[in-house]
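In what follows, a single structure is set out as structure tokens and then discussed.
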Amino acid sequence: MAQIGQVLVDVPTMQTNEPYSYAIPDQLQDQVEPGMRVTVPFGHRMVSGFVVGISDESDYDGQLKPIQAVLDLAPVLNRELRQLADWLATTTFAFRITCIQTMLPNLLKASVERFIQPTDEISAAERTTYFPDGTARPFDTEKLDEATVSGLLKLRRAGKVTVTYQVKDKAAVKTLAAIVPALPATKLQEIATTVAKRAPKQAQLLTYLQTMGDQPVAQTQVAHEAAVSAEVIRTAVAKGWAAKKALEVYRDPFQRPVQPTQPLTLNAEQRVAVDAISAAVTAQRAQTFLVEGVTGSGKTEVYLQSIAQALKLGRTALMLVPEIALTPQMTNRVKSRFGHAVAVLHSGLSKGEQYDEWRRIDRGEATVVVGARSAVFAPLHNLGLIIMDEEHESSYKQDENPRYHARDVALWRGRYHGCPVVLGSATPSLETRARAAKGLYTRLVLAHRVNDHPLPTVHIVDMREALKANGDGDFSPDLLTAIQARLDRQEQVVLMLNRRGYSSFMMCRDCGFVLKCPNCDISLTLHVDTHSMKCHYCGHEEAIPRVCPNCHSRKIRYYGTGTQKIEKALQERLPAARILRMDVDSTRRKGAHERILKQFGSHQADILLGTQMIAKGLDFPNVTLVGVLNADTALGLPDFRASERTFQLLTQVSGRAGRAEKPGEVFIQTFNPDHYAIQLAQRQDYERFFVTEMHMRHQGNYPPYYFAAQLTASHEDEQVAAKAMYQIVAVLKQGLSPNAIVLGPTPKAIARVKRKYYYQVVIKYKHEPQLQAVLEQIRQGAQQAQRGLTITIDPEPMNFM
DNA sequence: AGCACGCCGACT
DNA sequence: GTCGGCGTGCTC
């Protein structure tokens with residue numbers, strides 16, 4: 001019976017979110033399998049598509065078109081990952097094809113190219129103007145100038161030219177020229193006796209060919225080992241002694257060799273953790289662990305030994321780390337333990353390297369994968385363990401469709417494979433820690449630093465006092481004195497500027513008061529366009545204050561500053577200091593990040609000044625002082641996670657001081673010295689912070705007590721965006737229970753981005769069985785709504801700005 | 001997404 | 001009268 005392929009076409013729209021039926025032509029019969037990429041005619045053009053099923057019949061009434069070509073010899077997504085794609089699509093409200101593209105390496109995303117060519121109808125004059133080469137030319141409306149495009153389109157209407165489509169598969173396997181003997185060894189030996197005396201090189205090669213077996217060897221290697229030139233090899237091939245073959249090779253992203261390491265001896269806490277995780281690995285139990293360990297408590301060693309257990313049982317392991325922590329030092333540590341079994345996936349690799357690593361994993365040649373967010377889709381078979389380090393990091397959440405959280409995907413895969421998931425952090429997210437408290441996750445605590453180094457002394461500097469003393473809002477006298485002392489002692493300093501919070505909010509420089517919403521306990525954001533302060537949660541609006549409502553000081557103003565400005569100010573104060581700046585600007589170029597760190601590591605600078613990115617995972621033994629210039633900025637953000645983020649950041653950055661023999665010191669400059677997030681970060685008291693913050697969340701009906709979902713509408717016309725949001729609120733109110741709290745609509749913090757206005761609604765709820773259906777209904781409705789109107793749904797937002 | 005179809009205003 | 005502007009709807 002004729003087969004029919006169910007194909008998801010690569011056209012991300014609501015109408016094409018279901019598979020379309022295509023006839024499988026005879027010559028492709030039994031070649032097409034679910035999980036393969038194909039090209040199909042769609043409308044009046046060719047598109048690429050993805051086969052999700054094969055069946056005998058279709059419920060489509062019309063005439064089926066045939067699949068044009070198959071792009072893969074084997075499925076690129078196995079059954080597990082296809083199921084995962086469907087789950088992702090329903091839970092994140094993203095298109096199925098978008099989910100599939102997200103899971104595949106970039107190179108497997110086929111592109112469509114258009115070509116235009118003359119027909120017989122065309123006149124000679126037209127041919128010479130538009131087709132100087134006389135034949136088909138690429139037709140990219142973006143690249144050609146307008147006159148040419150309109151001219152060509154006119155010709156097309158007249159039937160004088162036709163447009164053809166070509167789906168181009170970028171997936172390129174890198175090959176090397178390789179040599180394999182074409183004759184049996186005995187025959188070669190026979191020939192060897194007959195070659196001319198004055199052809200010693202040919203004899204040499206013949207001898208070599210006899211020894212090499214039937215596996216192809218790279219031509220360069222043959223030339224080297226047989227000590228002959230490429231010309232001699234060519235002659236041999238021409239004479240039929242050897243054959244040329246294309247040898248498939250991987251673009252190896254890490255050429256440099258690593259020193260093998262042995263497992264370290266574990267302390268009692270680490271032992272308990274490894275044993276618990278190993279037991280779950282062995283029992284193939286989908287158990288979730290929270291490994292809570294302070295900086296330097298040896299979490300990584302726990303991960304590595306747990307991975308070893310999975311490998312010992314013939315299973316594979318996945319280790320996720322935040323992109324920013326995916327440094328060569330980090331990956332080398334894993335590679336030196338597990339050698340060639342390790343594949344690394346991250347954005348620093350070229351597309352080709354990513355694809356090759358992906359293929360090594362898919363073929364089972366790599367059994368340990370280390371990577372950032374998207375590595376959670378690594379095509380590992382037979383997973384035995386998933387680890388997610390620094391699980392609280394917000395970079396695990398993708399900000400565009402599909403808006404997935406790698407943690408949720410990891411837990412899904414854990415359930416699928418029956419394998420444990422280990423979430424690790426010194427400062428777990430409230431959600432995770434709360435689940436551990438409820439007994440849903442098993443909590444494993446590493447309270448001791450491996451070398452018993454004392455934690456650094458943390459000083460809180462009250463900037464209100466400092467401001468009075470020297471009138472400088474950036475550097476306190478205490479911090480400057482401390483920096484000078486390190487310069488004198490040839491030690492190094494890390495200074496962090498909290499740049500998140502560049503958004504303009506109002507804070508009093510005398511008392512630290514931040515203007516907040518009376519309804520939401522969230523800071524108000526300044527809107528220059530309307531000259532007012534707005535709450536992005538409930539829409540409350542009030543005038544911009546001239547004096548501080550708390551202490552009546554006139555020093556209430558916007559808060560926010562940049563690294564360049566700070567660098568200049570610091571250099572003026574400490575002319576002798578060698579300052580290295582690290583921020584988004586100075587690390588934009590590839591490899592710049594690593595180069596700066598290397599420079600600092602070899603003490604080519606005294607002070608490293610940077611943004612958040614310096615808080616994570618740096619380990620410089622000579623750094624004995626860490627300064628946080630503005631601890632408050634994140635606190636001022638209109639986000640209920642502001643305290644949590646501040647606490648996590650301060651705790652992390654504090655861990656950067658004095659990790660070696662020299663004791664460390666930390667200075668936190670703040671206008672809110674009494675804020676619990678800052679106070680508790682000073683004491684490195686996560687538990688106390690957890691309890692306090694949980695109380696705050698309970699008071700405000702925020703996660704983890706409530707779930708939150710966010711809907712955003714954007715349109716060039718502000719009225720249209722706002723109106724759409726009001727209609728959505730009406731749908732929500734009707735479809736949801738009275739217990740659901742619908743906040744908004746309100747304009748977003750940056751209301752106008754790329755000439756579009758953004759309005760949002762936040763839903764807080766505990767138990768809404770109808771929510772999925774209502775959101776789905778809104779998504780359906782969004783399709784036939786106004787042109788240019790975009791509705792996004794985020795079922796678990798991390799950012800409320 | 002990209003294209004055809006179809007309905008309106010500014011030209012030959 | 002027609003060319004071509006964009007708004008609307010469909011693609012197995």
Side-chain angles (χ1 to χ4, degrees), chain A residues 1-26 28-29 32 34 36-71 89 94-102 109-117 126 138-168 170 400-402 714-717 720 779-792:
Chain A
M1 184 177 288
Q3 292 180 316
I4 291 168
Q6 305 299 332
V7 177
L8 281 174
V9 291
D10 185 10
V11 178
T13 62
M14 204 65 230
Q15 299 94 312
T16 53
N17 202 26
E18 287 300 317
Y20 276 41
S21 303
Y22 281 90
I24 298 176
D26 289 344
L28 295 180
Q29 207 74 226
V32 186
M36 287 178 175
R37 297 169 307 143
V38 290
T39 56
V40 290
F42 185 69
H44 302 268
R45 65 212 160 106
M46 278 297 159
V47 296
S48 68
F50 187 88
V51 181
V52 291
I54 304 283
S55 53
D56 296 335
E57 49 187 40
S58 160
D59 43 17
Y60 181 68
D61 291 335
Q63 177 70 40
L64 297 189
K65 290 184 182 176
I67 287 176
Q68 188 207 240
V70 188
L71 293 178
F95 300 123
R96 294 169 72 182
I97 193 70
T98 314
C99 294
I100 287 165
Q101 308 277 22
T102 307
K109 186 174 161 48
S111 61
V112 180
E113 283 177 11
R114 296 195 295 173
F115 291 90
I116 198 153
Q117 58 245 315
E126 287 161 342
F139 184 52
D140 185 342
T141 42
E142 302 284 294
K143 279 191 188 144
L144 299 171
D145 63 276
E146 268 178 51
T148 314
V149 171
S150 64
L152 284 168
L153 287 176
K154 196 182 241 169
L155 290 183
R156 182 162 66 151
R157 274 189 295 275
K160 292 178 176 173
V161 297
T162 52
V163 178
T164 53
Y165 300 83
Q166 215 171 313
V167 177
K168 207 174 145 197
K170 286 174 288 185
E400 56 190 51
N401 283 332
S714 64
H715 193 272
E716 285 196 12
D717 183 349
V720 175
R779 179 162 84 128
Q780 299 280 350
Q783 190 65 27
Q784 58 253 45
Q786 285 234 22
R787 250 182 117 76
L789 178 74
T790 319
I791 306 286
T792 58

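The chains referred to below are lettered A, B, ... by the order of the sequence lines, with proteins before strands, and numbering in each begins at 1. Below, all heavy atoms of this structure are taken into account, side chains as well, without hydrogens, waters or symmetry copies.
Atoms OH and CD, on Tyr60(A) and Gln6(A) in that order, are 13.0 Å from each other to the nearest 0.5 Å. To the nearest 0.5 Å, the span separating CD on Gln101(A) from CZ on Phe95(A) amounts to 13.0 Å. Atom CG of Asn17(A) is separated from atom CD of Gln780(A) by 8.5 Å, given to the nearest 0.5 angstrom.
Rounded to whole Å, the distance from CD on Glu113(A) to C1' on dG2(B) is 16 Å.
Asp10(A) has a carboxylate O that lies under 4.0 Å from a charged side-chain N of Lys109(A), or vice versa, which qualifies the two as a salt bridge.
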Contact list (N/O, under 3.5 angstrom) for nucleotides 4-6 of chain C vs protein:
from: dG4(C); atom 1: OP1; to: Lys154(A); atom 2: NZ; distance (Å): 3.2

N/O contacts under 3.5 Å, protein versus nucleotides 7-12 of chain C?
from: dT11(C); atom 1: O3'; to: Gly43(A); atom 2: N; distance (Å): 3.0
from: dC12(C); atom 1: OP1; to: Pro41(A); atom 2: O; distance (Å): 3.3
from: dC12(C); atom 1: OP1; to: Gly43(A); atom 2: N; distance (Å): 3.4
from: dC12(C); atom 1: OP2; to: Lys65(A); atom 2: NZ; distance (Å): 2.5
from: dC12(C); atom 1: O3'; to: Ser21(A); atom 2: O; distance (Å): 3.0
from: dC12(C); atom 1: O3'; to: Lys65(A); atom 2: N; distance (Å): 2.7
from: dC12(C); atom 1: O2; to: Ser21(A); atom 2: N; distance (Å): 2.6

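In terms of heavy-atom proximity, Gln29(A) sits nearest to Ile24(A) at NE2-O, 3.5 Å. Contact detail for Cys99(A) and Pro402(A): the closest heavy-atom pair is SG-CB, 4.0 Å.
Side-chain atoms of Thr16(A) never come within 3.5 Å of backbone atoms of Val9(A) as a donor-acceptor pair (strictly under, hydrogens ignored). Tyr22(A) places no side-chain N or O within 3.5 Å of a backbone atom of Thr39(A) that could act as its donor or acceptor partner.
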